[in-house]
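Hydrogens, waters and symmetry mates are skipped; everything else that's a heavy atom, side chains included, is used. Here is the naming used below: chain letters follow the sequence lines, and residue numbers restart at 1 for every chain.
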Amino acid sequence: MLELKDIKVKINETNIIKGVNLNVKQGELHALIGPNGSGKSSLANAIVGREQYETTGSVKLNDLELLELDVTERAKEGVFMSFQSPPSIPGITNYKLLSQFSKQYEKYLEDIERLKLQSGWAQRDFNDGASGGEKKKNEILQLLHINPKLVILDELDTGLDVDALKIVKELINEHKNKFGWIVISHNSSVLRSLNPTHVHILKDGKITNTGSVELLNNIDEQGFSDVGK
Amino acid sequence: MNKVLVMLENNYIIDKSLETKINIADFNTLNFKIKSNAKACLFFEAKGNQDSNTKINVELDENASCELYGFFKNTKKKTNLITNVIHKGSKSKCNQDFRFVNKRGKSSFEGKITVPKDVVKCESHMLNKNILLDTHSDAFAKPELDINNDDVICTHGCTIGALDEDHMFYLQSRGYTEDEATEILVEAFAHMRTQEHI
């Protein structure tokens, strides 16, 4: 489904990603872990198509070259990213922002309840006055209604408390087979609980190790600096 | 001749409560006198494609209150607006929020709040926000306070800038085109006016 070949990303002439290859198939959940500043979020933004991220190589989604498309076109082809820090946009309601993509209002209300968001969430201004956890839940709520092909969760667990994380994990597991997943986190226990099919360590803009959940155990024991030496 | 006079000078005396929309493109000067204990909520807009030059004068008697809101989209046109709010009576309140979105257009906002020395316990806020959608647009802002005693609450503020890049990227990443995302953010900017105080 998603095929990254020799991806290199530059921001303001600084090389951030220095040649990444990655294949993600539907139903696979790829955990991407790495130290701060290793380029995890930059890789996510490059796949989504943020302009400032000058990207070379090839990013194919079902054989379609995404690097030739702008951010809107990529979203329409099925790329979805849950943002690390989703914005607040006062003046437009949560449901209004989504309503172009989903007319299932009843289902939307059910999902709000499922995610334990406050009643009235649909008509509240978009993320206005929302906590970090509520913003993250709102990303998952949108995911359930936009129905993409590729899902990138950038720092999924930031802001989510234990109970909220449990609900989000349940939802991910329920929908695991529908999408291809790249889940970015610093937290190996969160990634482990999602039963990733693949684990990759990103260090200094390169994937240095790829393996199974075992790799997460090695990180816990040895730290990033010693794994793969 | 009468018609011309009506278009140029308009005086309103509000003695109870009034909530209304006013198309400023029809006027050069609008005078409002808000009597004691009366409450006015006035929404200003500028329909049509012609340039407009308007002065809004507001006088507030004791314990009167007035909300002045305006949202103007200047696409290839120019809107000049002057507001002059005078707190004539103590405990009077006024909240102004005027917003402009300019696309190949120009806006000018000059707002003045006056509180005389012997008029106390007034509250007056003035906010002017401008969004420039391209490099061919201009916005001019001159907020002014003339406060002559310490027993008041008064604020003023002004912003001029482009649409938030992070918001644009976010909406586009959800599948909205650049034009659609712009429209949503402009609409959001217009709706915010009643919720925000400086």
Cut-off 4.5 Å, heavy atoms of chain B, and the answer for A/Val71 is both
Please flag which part of A/Glu51 lies under 4.5 Å from any non-hydrogen atom of chain B: side chain, backbone, both or neither. neither
Greater than 12 external heavy atoms within 6.0 Å of [X]'s [atom1]:
{"X": "B/Glu183", "atom1": "CD", "answer": "no"}
{"X": "B/Glu180", "atom1": "CD", "answer": "yes"}
{"X": "A/Glu113", "atom1": "CD", "answer": "no"}
{"X": "A/Lys206", "atom1": "NZ", "answer": "no"}
{"X": "B/Lys93", "atom1": "NZ", "answer": "no"}
{"X": "A/Lys116", "atom1": "NZ", "answer": "no"}
{"X": "A/Asp63", "atom1": "CG", "answer": "no"}
{"X": "A/Leu109", "atom1": "CG", "answer": "yes"}

Any residue of residues 46-57 of chain B which, by heavy atoms, sits under 4.5 Å from chain A: none
Do B/Glu165 and A/Gln52 make a side-chain contact, defined as non-hydrogen atoms from C-beta onward lying under 4.5 Å apart? yes
A/Phe83 side chain near B/Ser173 side chain, heavy-atom distance below 4.5 Å: yes
Ignoring hydrogens, what is the shortest heavy-atom contact between [X] and [Y]? Give both atom names and the distance.
{"X": "B/Tyr170", "Y": "A/Pro87", "result": "CD1-CD, 3.3 Å"}
{"X": "A/Ala75", "Y": "B/Arg174", "result": "CB-C, 4.0 Å"}
{"X": "A/Ile92", "Y": "B/Ala188", "result": "N-CB, 4.1 Å"}

Any idea which of A/Arg50, A/Met81, A/Lys76 has the most non-hydrogen atom pairs under 4.5 angstrom with chain B? A/Arg50
Report, in residue-number order, which members of residues 14-42 of chain A are under 4.5 Å from chain B by heavy-atom distance. none
Tell me if a side-chain donor or acceptor on B/His167 pairs with a main-chain N or O of A/Ser88 at a distance below 3.5 Å. yes
Exam field: side chain B/Tyr176 to backbone A/Leu97, donor-acceptor pair closer than 3.5 Å: yes
CD of A/Gln100 to CG of B/Leu171: how many Å apart, nearest 0.5 Å? 10.0 Å
Assess whether side chain to side chain contact (heavy atoms under 4.5 Å, CB included) is satisfied between A/Lys96 and B/Glu187, documenting all intermediate values. CA-CA 12 Å; A/Lys96 178 102 192 273; B/Glu187 192 188 327; 2.8 Å; yes
